[in-house]
Amino acid sequence: MKGLLSAEQSLLLNWKGCEPRKFDPKFRGPIHNRRCTDIICCVIFIVVILGYIALGVVAWVHGDPRKVIYPTDSYGQFCGQRDTLNENKTILFYFNILKCASPVVLINLQCPTTQLCVSKCPDRFATYIDVQASYRYRPDQWNYFRQFCKPGFNNPRKSVAQVLRDEDCPSMIIPSRPFLKRCFPDFSTKNGVLTVANQTTFKDGRGKTRNVTDLREAANGINNVLDARSVGMKIFEDYAISWYWILIGLFIAMLLSLLFLVLLRFTAGVLFWIFIFGVIGIIGYGIWHCYWEYDHLKGIPGSDLTVYDIGFQTDFKVYLQLRQTWLAFMIILCGVEVIIILMLIFLRNRIRIAIALLKEGSRAIGYIMSTLFYPIVTFLLIAICISYWAVTAVFLATSGEPVYKVMANQTLCKYANLTCDPETFNTTNVTKLCPGAQCTFAFYGGESLYHKYIFIFQLANAFVFLWLVNFAIALGQCTLAGAFASYYWAYRKPADIPLWPLFSSFGRAIRYHTGSLAFGALILAIVQLIRVILEYLDHKLKGTQNSFTRFLLCCLKCCFWCLEKFLKFINRNAYIMIAIYGKNFCTSAKEAFFLLMRNVVRVAVLDKVTDFLLFLGKILVAGGVGVLAFFFFTQRIPVFAQEVPMLNYYWVPLLTVIIGSYLVAHGFFSVYAMCVDTLFLCFCEDLERNDGSTAKPYFMSASLHRILGKKKLSPKKAAG
């Protein structure tokens with residue numbers, strides 16, 4: 001074999017001691033007579049899936065999603081739950097919101113004050129002291145106030161001190177509005193001053209007059225949260241009235257992607273240069289438009305303000321009235337334009353080579369058109385995995401019984417925060433030693449073995465989810481690689497291409513190589529889980545002052561990110577070798593790695609430049625549809641001006657269309673990328689197996705043979 005190789009092949013094969021492998025002289029494409037590979041991993045994978053199903057069943061038995069949907073009062077009862085006393089009381093009310101540190105504390109039900117389910121939030125200021133003093137001649141005030149007291153309490157003669165000690169009623173109520181089914185102070189600003197119901201002060205029910213800023217400090221950041229709620233509602237309204245046009249935009253993106261891929265079979269070079277100059281033209285138009293807006297705003301009052309001067313605004317149109325905004329957009333687009341032009345200048349020769357390889361890929365896809373729609377199968381598998389993981393995670397998070405803890409007004413009470421039983425609490429000495437102490441609901445949990453390992457189950461849920469998602473991706477890559485390898489190793493194209501190559505490849509991958517695909521997915525899932533844990537630790541330690549810890553975490557995150565990218569590259573090529581030869585994962589990964597290293601220059605020139613060109617294609621599809629959507633939603637197309645819905649923010653459907661178009665294009669172009677990678681790896685194998693002679697002819701097409709500058713084909717092949 002080695003004596004028949006060309007001088008160039010010998011140099012490639014001797015890369016750092018890599019010797020040529022012994023090949024089967026009867027090899028004629030993807031092997032059909034296969035054996036199962038990595039059987040142990042396959043068995044483990046099936047057992048893990050069965051265990052994952054069992055975990056989901058156990059979580060569904062113990063979990064209760066109502067704990068997420070409905071807020072829970074101090075007695076562990078759901079607000080708004082049907083067929084209960086709280087059926088018509090859907091909102092949670094806090095006796096003393098001043099004890100709550102932030103909205104996050106409120107949402108997590110950790111605020112150290114009594115919480116009751118009410119039918120509506122208070123709409124006025126009132127204190128228990130004032131209501132008690134006037135209940136005889138103003139009974140309507142008492143009747144209104146007591147709906148925020150504990151159920152059944154109707155004793156206005158009880159002393160104020162005892163009522164506040166036992167927390168029978170709140171010391172005060174303030175105008176509030178529901179947010180996340182909880183009563184929050186109704187903040188607003190008047191002439192730049194924070195108010196509640198147009199008042200800047202309020203009585204706290206304990207003899208003090210306080211400023212409403214105390215409420216904001218108690219509910220830290222509440223104003224921003226409420227502003228976000230307003231923006232969120234407007235965005236939801238925009239989606240509700242524009243979803244039809246968003247789907248039309250995505251459908252146009254799908255048609256454009258399919259059209260480009262079909263045309264690539266005949267005019268790959270022309271279309272890709274159109275891609276390149278189209279992207280340059282779109283960015284150039286963006287630069288011109290930004291300059292026009294920048295110049296148009298010159299001299300307009302207020303346009304010279306900076307973003308820092310106006311601060312955060314919920315109406316994003318305000319920023320478009322500033323010259324600084326359009327100047328920043330113009331500078332960014334100019335930078336992107338210059339980078340793309342420089343890359344095209346320095347890579348122009350490589351681009352011509354890559355275009356030639358893409359023509360071969362487009363020809364392969366033209367013969368196996370069904371591969372264009374396989375990403376839909378991968379998408380459905382991943383969607384099922386995500387849905388199962390999310391549902392299981394919710395049920396695990398809500399698996400638990402109500403846990404009650406002692407809540408005492410006195411900070412020196414030794415029983416504070418200890419667990420208690422509300423049924424027997426009044427018979428204990430706690431109420432005597434800590435006057436006013438109550439046994440109230442704290443959170444959901446438990447002391448059983450199952451509840452102690454909830455966190456471990458959540459980790460297992462996340463890990464198996466990552467494993468299954470990576471397996472679905474691996475299955476898609478191996479299936480496509482097998483189909484395109486069938487095209488390459490067909491001596492007479494398309495006559496020798498087997499019938500239904502995509503379905504045959506899918507069947508081989510499932511029947512023989514589930515274990516190998518699961519093995520590769522397992523390695524990648526372990527690294528990804530470690531990255532998730534590192535991100536969690538980084539989030540928890542973000543406030544620490546230990547510079548060494550932050551530096552160490554940063555280094556670890558960087559290393560595992562690089563490791564994940566490397567493993568994805570190795571796995572992708574290993575799956576191609578599995579699809580061709582049917583060997584186990586480790587052998588395929590090793591052979592793919594050394595094969596690529598023996599052709600490292602071609603890998604850099606062809607593979608990466610091809611990825612760049614395909615990326616430009618995605619940008620052109622997304623950019624073209626985005627420009628069309630921009631003109632449509634801003635009513636700049638006279639024919640459709642009357643059809644445009646009235647929107648709060650036109651950028652909401654616009655960004656959705658742009659991002660969605662990019663994802664649609666990515667789905668179709670990913671098939672193309674897999675095709676090019678497979679053909680390239682098959683080409684490298686072809687060079688090492690054959691020498692172009694009559695006895696050992698090349699399997700590559702004549703056009704690909706000429707492009708890559710190899711010897712002449714055998715007369716039979718050239719004639720074919």
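Being a predicted model, the structure only gives us computed values, none of them experimental.
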Determine whether Trp561 and Arg531 satisfy the following criterion, side chain to side chain contact (heavy atoms under 4.5 Å, CB included), listing intermediate values before the conclusion. CA-CA 7 Å; Trp561 179 84; Arg531 289 194 62 203; 3.4 Å; yes
With side chain to side chain contact (heavy atoms under 4.5 Å, CB included) as the test, would you mind laying out the steps for Ile576 and Met674 before giving the verdict? CA-CA 9 Å; Ile576 296 175; Met674 195 66 200; 3.6 Å; yes
Residues Asp677, Leu681; criterion side chain to side chain contact (heavy atoms under 4.5 Å, CB included); working and verdict: CA-CA 6 Å; Asp677 289 346; Leu681 215 59; over 6 Å; no
Between Ile658 and Val625, is the side chain to side chain contact (heavy atoms under 4.5 Å, CB included) condition met? List the steps. CA-CA 7 Å; Ile658 292 175; Val625 177; over 6 Å; no
How far apart are the C-alpha atoms of Phe465 and Trp389, what are their side-chain angles, what is the distance that settles it, and do they pass the ring-ring contact (aromatic ring centres under 6.0 Å, His included) test? CA-CA 6 Å; Phe465 162 71; Trp389 164 78; 5.1 Å; yes
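Asn571 places a side-chain N or O within donor-acceptor distance of the main-chain N or O of Gly520, the cut-off being under 3.5 Å. The backbone N or O of Leu524 lies less than 3.5 Å from no partner atom in the side chain of Glu564, so there is not a single donor-acceptor pair. Side-chain N or O atoms of Ser661 include one that pairs as donor or acceptor with a backbone N or O of Val657 at under 3.5 Å.
Looking at Gln528 and Val532, their side chains never come closer than 4.5 Å, going by heavy atoms from C-beta outward. Put simply, the side chain of Thr479 reaches to within 4.5 Å of the side chain of Tyr374, judged on heavy atoms. Using a 4.5 Å heavy-atom cutoff, the side chains of Ile365 and Tyr487 are not in contact. In this structure, Ile341 and Glu337 have side chains that are in contact, with non-hydrogen atoms separated by less than 4.5 Å. Contact of the Phe484 side chain with the Leu480 side chain is registered, since non-hydrogen atoms from C-beta on lie closer than 4.5 Å. Taking the side chain as every heavy atom from C-beta outward, Trp292 and Trp326 never approach each other to under 4.5 Å. Counting only heavy atoms from C-beta outward, the side chains of Phe680 and Leu596 approach each other to under 4.5 Å. Counting heavy atoms from C-beta on, the side chains of Leu534 and Phe560 come closer than 4.5 Å.
For the atom pair CG of Leu553 and SG of Cys558, the computed distance is 12.5 Å after rounding to the nearest 0.5 Å. To the nearest 0.5 Å, atom CG of residue Leu563 and atom CD1 of residue Ile526 are 11.0 Å apart. Atom SG in Cys675 sits 7.5 Å away from atom CD1 in Ile368 (nearest 0.5 Å). The distance from the CG atom of Leu556 to the CZ atom of Phe551 is 10.0 Å, given to the nearest 0.5 Å. The structure places CG of Leu475 at 7.0 Å from OG1 of Thr378, a figure rounded to the nearest 0.5 Å. Note that SG of Cys334 and CZ of Phe329 are 13.5 Å apart. Values are rounded to the nearest 0.5 Å.
The aromatic rings of Trp467 and Phe463 lie tilted to each other, with the angle between the two planes from 30° to 60°. Ring planes of Phe632 and Trp245: tilted class, angle from 30 to 60°. The aromatic rings of Tyr291 and Tyr294 sit tilted relative to each other, their planes meeting at an angle between 30° and 60°. A perpendicular orientation is assigned to the rings of His289 and Phe630, their planes being inclined by more than 60° (bins at 30° and 60°).
The heavy-atom pair separating Ile570 from Ala589 by the smallest distance is CG2-CB, 4.0 Å. Taking each heavy atom of Leu333 and Gly286 in turn, the nearest pair found is CD1-C, 3.5 Å. Residues Met330 and Cys290 approach most closely at CB-CB, 3.8 Å, considering heavy atoms. The two atoms that bring Val469 and Cys385 nearest to each other are CG2-CB, 4.0 Å, heavy atoms only. Across every non-hydrogen atom of Ala485 and Thr678, the tightest pair is N-CG2, 3.8 Å. Residues Val664 and Ala253 come closest through the heavy atom pair CG1-C, 4.2 Å.
Taking a 6.0 Å sphere around CZ of Phe379, one finds it holds 12 or fewer heavy atoms contributed by other residues, nucleotides or ligands. For Tyr662, the OH atom is densely surrounded, since the number of other residues' heavy atoms within 6.0 Å is greater than 12.
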